[in-house]
2 protein chains.
Amino acid sequence: MIGDEQLDATFSALAHPTRRAILVRLAQGSATVNELAEPFDATLPAISKHIRVLEAAGLVTRGKEAQFRPCALDTKPLEAVASWTDQYRFIWEARFDAMDRLLNGMKGTPNE
Amino acid sequence: MIGDEQLDATFSALAHPTRRAILVRLAQGSATVNELAEPFDATLPAISKHIRVLEAAGLVTRGKEAQFRPCALDTKPLEAVASWTDQYRFIWEARFDAMDRLLNGMKGTPNE
DNA sequence: TCATTATTAAACTAGTTGGTTAATTAATCA
DNA sequence: TGATTAATTAACCAACTAGTTTAATAATGA
């Protein structure tokens with residue numbers, strides 16, 4: 001199970017496009033801070049702070065190799081997000097099913 | 001498809017426990033602002049502001065009935081979150097599969 | 001009309017966020 | 001050792017967030 005505070009940290013980490021872009025990059029494998037910073041206009045300290053936020057949320061783990069501090073993705077908090085959203089899935093699937101019945105002209109509704 | 005800004009708004013709306021609790025309540029059906037505020041210690045204006053944030057993210061839609069402004073859940077942004085997290089699913093499923101092979105003593109790995 | 005109920009607006013505050021530049025730490029390399 | 005490279009820390013700032021209290025709006029009901 002995942003606590004409220006863990007979800008707070010995860011959602012707020014995911015709320016920034018730069019941080020989401022960093023995660024997309026890390027999905028392809030580990031990278032150093034400089035490598036991660038390269039595609040962005042922001043300064044290195046700014047990226048460093050974003051990485052910290054991701055780390056605090058448990059989305060990124062860090063190693064230590066020579067003068068590099070390689071970052072790696074940890075998907076556990078994303079699994080937690082996925083199972084949180086799953087609690088609403090029945091609602092949008094119900095909506096989808098209703099749409100589907102409508103489009104197919106089959107009324108599987110109570111009054112038939 | 002969903003833009004970056006839409007995801008920003010959605011994730012940051014979901015980053016607050018009070019707002020997530022409001023959504024849980026709304027999953028059971030529409031409610032007025034006062035009904036939504038009832039379980040919390042916060043003042044009514046505070047809850048009103050939270051609802052606005054949810055509304056701005058498209059997670060809540062509002063009606064107008066007499067002096068009530070009933071809130072209803074809209075799951076579209078949650079679907080967007082679910083499909084965003086899905087792009088990482090292969091990673092955690094790979095991890096799960098590896099764990100599974102390990103526990104079952106079957107080495108389906110390259111060197112065999 | 002007047003009082004009540006539901007909700008929002010206004011004004012303010014403390015704390016956080018996201019960014020900057022300049023300085024510092026720490027490891028490698030010549 | 002000294003220079004270079006990688007990354008963080010410090011100090012600062014503007015904008016935003018989450019909350020408050022008090023006041024206003026708007027519809028209902030006596």
Side-chain angles (χ1 to χ4, degrees), chain A residues 4-26 29-74 77, chain B residues 3-26 29-73 77:
Chain A
D4 246 32
E5 285 151 29
Q6 185 55 65
L7 272 181
D8 290 358
T10 303
F11 280 125
S12 87
L14 296 177
H16 198 289
T18 300
R19 289 193 292 258
R20 289 198 304 278
I22 289 174
L23 295 184
V24 168
R25 166 64 189 79
L26 289 176
S30 297
T32 67
V33 177
N34 272 284
E35 285 165 350
L36 291 173
E38 196 271 320
F40 303 102
D41 280 344
T43 59
L44 215 49
I47 302 298
S48 198
K49 282 188 185 183
H50 281 306
I51 292 172
R52 245 176 186 273
V53 172
L54 291 167
E55 201 182 358
L59 286 157
V60 158
T61 57
R62 329 203 52 183
K64 194 176 260 193
E65 276 173 45
Q67 70 268 62
F68 307 92
R69 245 133 297 180
C71 301
L73 178 62
D74 187 340
Chain B
D4 245 32
E5 284 151 29
Q6 185 55 65
L7 273 180
D8 291 357
T10 303
F11 280 125
S12 87
L14 296 178
H16 197 291
T18 299
R19 288 193 292 258
R20 290 198 304 278
I22 289 173
L23 295 185
V24 168
R25 166 62 189 79
L26 289 177
S30 298
T32 67
V33 178
N34 272 285
E35 284 165 351
L36 290 173
E38 195 270 320
F40 304 102
D41 279 345
T43 58
L44 215 50
I47 301 298
S48 197
K49 282 188 185 183
H50 281 306
I51 292 172
R52 242 168 184 290
V53 172
L54 291 167
E55 201 182 357
L59 287 157
V60 158
T61 57
R62 328 202 52 182
K64 195 175 258 193
E65 277 175 43
Q67 70 268 63
F68 307 93
R69 244 133 297 181
C71 302
L73 178 62

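These numbers come from the heavy atoms of this one structure, side chains and all, not from hydrogens, waters or symmetry mates. Here the structure is a predicted model, which is why all the values come from computation and not from measurement.
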*Asks:* Once you apply a heavy-atom cut-off of 4.0 Å, does B:Thr32 come out as touching a base, just sugar-phosphate, or nothing?
*Replies:*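 Here B:Thr32 touches the backbone only, sparing every base.
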*Asks:* Would you kindly compare B:Leu44 and B:Lys49 by the position of their nearest DNA chain C nucleotide and give the one closer to the 5′ end?
*Replies:*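 Comparing both residues, the 5'-ward one is B:Leu44.
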*Asks:* Provide, to the nearest angstrom, the distance between the CD atom belonging to A:Gln67 and the C1' atom belonging to D:dA3.
*Replies:*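 My rounded result for the distance is 13 Å.
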*Asks:* Would you mind classifying the nucleic acid contact of B:Ala66 as base, sugar-phosphate or nothing, using non-hydrogen atoms under 4.0 angstrom?
*Replies:*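 If one applies the 4.0 Å heavy-atom cut-off, B:Ala66 turns out to touch the sugar-phosphate alone, with no base involved.
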*Asks:* On DNA chain D, compare the nucleotides closest to A:Pro45 and A:Phe68; which residue's is nearer the 5' end?
*Replies:*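 That would be A:Phe68.
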*Asks:* Heavy atoms only: give me the nearest B:Arg19-B:Ser12 pair and the separation to one decimal.
*Replies:*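 In this case the closest contact between B:Arg19 and B:Ser12 is NH2-O, 3.1 Å.
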*Asks:* Quick one: which of C:dT20, D:dT20, D:dT8 gets closest to the side chain of B:Ala42?
*Replies:*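 Comparing C:dT20, D:dT20, D:dT8 against the side chain of B:Ala42, the answer is D:dT20.
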*Asks:* Looking at B:His50, I'd like to know whether one of its side-chain N or O atoms comes within less than 4.0 Å of OP1 or OP2 on D:dT17.
*Replies:*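 False: B:His50 side-chain N/O out of range (4.0 Å or more) of D:dT17 OP1/OP2.
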*Asks:* Any side-chain N or O of B:Arg52 under 4.0 Å from OP1/OP2 of C:dA9?
*Replies:*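 Checking B:Arg52 against C:dA9: at least one side-chain N or O falls below 4.0 Å of OP1 or OP2.
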*Asks:* 5'-most contact on DNA chain C: A:Thr18 or B:Val33, nearest heavy atom basis?
*Replies:*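 Comparing both residues, the 5'-ward one is B:Val33.
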*Asks:* Starting at atom CZ of B:Arg69, determine the distance to atom C1' of D:dA27, rounded to an integer number of angstrom.
*Replies:*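 Distance check: B:Arg69 CZ to D:dA27 C1' gives 8 Å.
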*Asks:* I would like to know whether B:Leu23 and B:Val60 meet side-chain contact (heavy atoms from CB on, under 4.5 Å); could you show each step before the answer?
*Replies:* CA-CA 8 Å; B:Leu23 295 185; B:Val60 158; 4.1 Å; yes
*Asks:* Please state whether the phosphate of C:dT5, meaning OP1 or OP2, lies under 4.0 angstrom from any side-chain nitrogen or oxygen of B:Asn34.
*Replies:*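 For C:dT5, neither OP1 nor OP2 has a side-chain N or O of B:Asn34 closer than 4.0 Å.
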*Asks:* Between D:dT20 and B:Thr43, is there an OP1 or OP2 to side-chain N/O distance shorter than 4.0 Å?
*Replies:*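 Yes, because at least one side-chain N or O of B:Thr43 sits under 4.0 Å from OP1 or OP2 of D:dT20.
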*Asks:* Could you give the CD1-to-P distance, from A:Ile51 to D:dT9, as a whole number of Å?
*Replies:*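 Taking CD1 of A:Ile51 and P of D:dT9, I get 12 Å after rounding.
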*Asks:* According to a strict under-4.0 Å criterion, is A:Arg62 in side-chain N/O contact with OP1 or OP2 of D:dA6?
*Replies:*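 No.
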*Asks:* Can you tell me if the side-chain N/O atoms of B:Ser48 get under 4.0 Å from OP1 or OP2 in C:dT7?
*Replies:*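 The answer is no; no side-chain N or O of B:Ser48 sits under 4.0 Å from OP1 or OP2.
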*Asks:* Using a cut-off of strictly less than 4.0 Å, decide whether B:His16 has a side-chain nitrogen or oxygen near OP1 or OP2 of D:dG19.
*Replies:*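 Checking B:His16 against D:dG19: at least one side-chain N or O falls below 4.0 Å of OP1 or OP2.
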*Asks:* Between atom CG of A:Leu54 and atom OG1 of A:Thr61, what is the distance when rounded to the nearest 0.5 Å?
*Replies:*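 Reported value, rounded in 0.5 Å steps: 11.0 Å.
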*Asks:* Measure across B:Pro77 and B:Thr10 and return the closest heavy-atom pair with its distance rounded to 0.1 Å.
*Replies:*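 In this case the closest contact between B:Pro77 and B:Thr10 is CB-OG1, 3.6 Å.
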*Asks:* Please answer whether the main-chain N or O of A:Asp4 pairs with a side-chain N or O of B:Arg20 as donor and acceptor at a distance below 3.5 Å.
*Replies:*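 Yes.
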*Asks:* For C:dG18 and A:Arg19 - does any side-chain N or O of the residue sit under 4.0 Å from the phosphate oxygens OP1/OP2?
*Replies:*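 Yes, such a contact exists.
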*Asks:* Whole angstrom is fine here: how far is it from CG in A:Asp8 over to C1' in C:dT16?
*Replies:*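 Nearest whole value for this atom pair: 14 Å.
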